[in-house]
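Every chain is numbered from 1 and lettered A, B, ... according to where its sequence line falls, protein lines coming before strand lines.
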Amino acid sequence: MKYWLMKSEPSEVSIDDALRHGAAPWFGVRNYQARNFMRDQMQIGDGVLFYHSSCDEPGIAGIAEVASTAYPDATQFDSKSYYFDPKSTVENPRWILVDVKAIRKTRLLGLAEMRSDPDLASMVVLQKGSRLSITPVTATEWKAVLKLLDKSK
DNA sequence: GCCAACGTTGGC
DNA sequence: GCCAACGTTGGC
């Protein structure tokens with residue numbers, strides 16, 4: 001059982017969208033490191049912090065879980081898709097994904113509040129220059145985040 | 001809109 | 001394989 005933080009732009013897929021859709025493919029990852037986490041390390045049932053990025057209020061917006069093992073991202077084969085990759089083939093797909101199931105929406109846990117918690121000092125997403133859309137979360141960080149979410153700020 | 005940080009590309 | 005140029009991310 002591992003824990004992850006996964007970024008989504010709410011203008012594309014927000015936590016509300018994810019809750020409506022149930023388990024859905026986490027399409028569009030085009031970064032090898034993030035892909036490799038999904039391919040090599042994610043297991044069904046892993047905990048996911050659903051993070052809103054590139055928006056007015058960046059931060060953790062919900063809790064989700066990994067709902068499938070890895071399989072090819074269909075959007076890479078769709079020439080009309082923004083995520084189309086002409087260099088990828090069905091025989092040898094370059095991009096894979098997992099299904100993610102949103103479990104609940106939380107209050108918005110912003111970056112400033114996260115940075116104020118010493119238990120989160122080493123959290124990858126808080127490091128300077130960290131842009132990776134999928135990052136590992138330690139069990140300690142997971143617990144600390146849940147604890148912060150329980151506080152009514 | 002700015003800009004730092006990082007990833008990718010491609011010429012050599 | 002190096003590395004400069006370019007593109008992208010994402011908070012501010």
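Atom-to-atom, CE of A/Met114 to P of C/dC12 comes out at 11 Å; the value is rounded to the nearest Å. Distance A/Tyr32 OH to C/dT8 P: 15 Å, rounded to the nearest Å. The CH2 atom of A/Trp95 sits 7 Å away from the P atom of B/dT8 (whole-angstrom rounding). When rounded to the nearest whole Å, the span between CG of A/Asp85 and C1' of B/dG7 equals 15 Å. The distance from atom OH of A/Tyr83 to atom P of C/dT8 is 13 Å, rounded to the nearest whole Å. Rounding to whole angstrom units, CD1 of residue A/Ile134 and C1' of B/dG7 are separated by 16 Å. One atom, CD of A/Gln127, and another, C1' of C/dG10, lie 15 Å apart when rounded to the nearest Å.
Considering only side-chain atoms of A/Arg131, the nucleotide from C/dT9, C/dG11, B/dT9 that sits closest is C/dT9.
One N or O on the side chain of A/Thr106 and one on the backbone of A/Ala61 form a donor-acceptor pair closer than 3.5 Å. Judged by distance alone, with hydrogens and angles left aside, the side-chain atoms of A/Asp46 form a donor-acceptor pair with the main-chain N or O of A/Gln43 at under 3.5 Å. Side chain of A/Asp117 to main chain of A/Val145: no donor-acceptor pair is present (N/O by atom type, distance under 3.5 Å, no hydrogens or angles).
Look at A/Tyr82 and you won't find any side-chain N or O under 4.0 angstrom from OP1 or OP2 of C/dT8. OP1 or OP2 of C/dG10 sits under 4.0 Å from a side-chain N or O of A/Lys7. Taking only side-chain nitrogens and oxygens, A/Lys128 comes nearer than 4.0 Å to OP1 or OP2 of B/dA5.
Between A/Phe50 and A/Trp4, the distance from one ring center to the other does not fall under 6.0 angstrom.
Among the protein residues, A/Glu9 comes within range of no part of the nucleic acid, since none of its heavy atoms lies under 4.0 Å from any strand.
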